[in-house]
Amino acid sequence: MQKDGQIVFRPNLEHPVFRTYAEQLPEDLREGVERCLRIVGSGLPIETLHAELVGNAEAVTADETSATDLEELVYSLAVTMMENGVPSEALSDTLQSNPFLRVRWEAAATVLEDLLRTRIS
């Protein structure tokens, strides 16, 4: 996102995974979770990331994600999209446009197939 002419990186608090989780919490805990996410975003070591990307980009990689976290992400995104009118046959292409899922597509596709099989059955 751009703010005052600068590029700012921060977690998207409206992301379906964050929204779904926050909505399951009691009202008095929601602000605390959102505050934690904002702190994580504001604490990103941008200068270090930039230096590593410029000097050694091939060695920079994302942390691994657990199967449970991947399942939750695919489930949350797919259900949110279907609730907003995206047909089930378009989910695969749409989810593959997500960079996080694209590099993990083999595992994500299995989760999506299982989800669609259980929702259609």
Side-chain angles (χ1 to χ4, degrees):
M1 123 176 221
Q2 284 204 356
K3 180 179 179 184
D4 299 327
Q6 295 184 322
I7 298 171
V8 177
F9 293 97
R10 69 172 69 149
N12 175 4
L13 299 180
E14 296 305 316
H15 190 282
V17 171
F18 294 149
R19 273 295 111 221
T20 300
Y21 180 71
E23 289 168 1
Q24 294 173 3
L25 293 173
E27 187 68 36
D28 59 329
L29 296 179
R30 290 181 190 174
E31 175 57 31
V33 168
E34 290 177 0
R35 185 178 312 110
C36 288
L37 291 170
R38 288 192 301 269
I39 289 170
V40 167
S42 65
L44 290 174
I46 300 299
E47 295 83 12
T48 303
L49 288 170
H50 182 271
E52 290 295 332
L53 286 170
V54 170
N56 200 16
E58 63 280 352
V60 177
T61 185
D63 196 4
E64 291 296 316
T65 189
S66 72
T68 303
D69 290 345
L70 181 66
E71 288 173 13
E72 180 62 30
L73 176 62
V74 171
Y75 180 84
S76 295
L77 290 173
V79 168
T80 299
M81 287 189 287
M82 287 188 291
E83 288 172 350
N84 286 291
V86 176
S88 58
E89 52 277 354
L91 289 176
S92 179
D93 289 340
T94 305
L95 289 174
Q96 285 184 71
S97 69
N98 179 302
F100 178 83
L101 293 177
R102 186 173 38 249
V103 298
R104 297 162 178 83
W105 187 246
E106 187 174 325
T110 301
V111 173
L112 179 61
E113 289 167 11
D114 291 344
L115 170 67
L116 291 175
R117 188 174 27 259
T118 58
R119 287 184 69 96
I120 294 172
S121 301

> Quick one: name the residues clustered hydrophobically with Phe18, using the 4.5 Å side-chain heavy-atom rule over I, L, V, M, F, W, Y, and just say none if it's on its own.
Leu13, Tyr21, Leu25, Leu29, Val33, Leu37

> Once rounded to the nearest 0.5 Å, what's the spacing between atom CG of Asp69 and atom OG of Ser66?
3.0 Å

> Sequence neighbours excluded, which residues qualify as side chain to side chain contact (heavy atoms under 4.5 Å, CB included) partners of Ser97?
none

> Apply side-chain hydrogen bond (donor to acceptor under 3.5 Å, both in side chains) to Arg38 and list each qualifying residue two or more places apart in sequence or on a separate chain.
Glu31

> So how far is it from Glu113 CD to Leu91 CG, rounded to the nearest 0.5 Å?
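The CD atom of Glu113 sits 12.0 Å away from the CG atom of Leu91.
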
> By salt bridge (charged side-chain N to carboxylate O under 4.0 Å, His left out), which residues pair with Asp114, not counting sequence neighbours?
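Salt bridge (charged side-chain N to carboxylate O under 4.0 Å, His left out) list for Asp114, sorted by chain: Arg117.
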
> Applying side-chain hydrogen bond (donor to acceptor under 3.5 Å, both in side chains), name anything that partners Asn98, two or more places apart in sequence or on another chain.
none

> Please name all residues satisfying side-chain hydrogen bond (donor to acceptor under 3.5 Å, both in side chains) with Gln24, sequence neighbours left out, ordered by chain then number.
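Testing Gln24 for side-chain hydrogen bond (donor to acceptor under 3.5 Å, both in side chains), a comparison that skips the adjacent residues, returns none.
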
> Please lay out, stage by stage, how Leu101 and Leu70 fare under the test side-chain contact (heavy atoms from CB on, under 4.5 Å).
CA-CA 8 Å; Leu101 293 177; Leu70 181 66; 3.6 Å; yes

> What residue pairs, at least two apart or across chains, pass salt bridge (charged side-chain N to carboxylate O under 4.0 Å, His left out) with a residue in residues 11-24?
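Found Glu14-Arg19, Arg19-Glu34.
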
> Is there side-chain contact between Thr20 and Tyr75, with at least one heavy-atom pair below 4.5 Å?
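Not touching, per the 4.5 Å side-chain cut-off.
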
> List the atom pairs, with distances to 0.1 Å, where a side-chain N or O of residues 77-85 and a protein N or O form a donor-acceptor pair under 3.5 Å, not counting sequence neighbours.
unit_1: Thr80; atom_1: OG1; unit_2: Ser76; atom_2: O; d: 2.8
unit_1: Asn84; atom_1: ND2; unit_2: Thr80; atom_2: O; d: 2.7

> Who are the side-chain hydrogen bond (donor to acceptor under 3.5 Å, both in side chains) partners of Asn12, not counting sequence neighbours?
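side-chain hydrogen bond (donor to acceptor under 3.5 Å, both in side chains) list for Asn12, sorted by chain: empty.
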
> For Glu106, check salt bridge (charged side-chain N to carboxylate O under 4.0 Å, His left out) against everything at least two apart and list the hits.
none

> Taking side chain to side chain contact (heavy atoms under 4.5 Å, CB included) as the test, write out the residues that go with Ser92, two or more places apart.
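So Ser92 forms a side chain to side chain contact (heavy atoms under 4.5 Å, CB included) with Gln96, Trp105, Leu112.
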
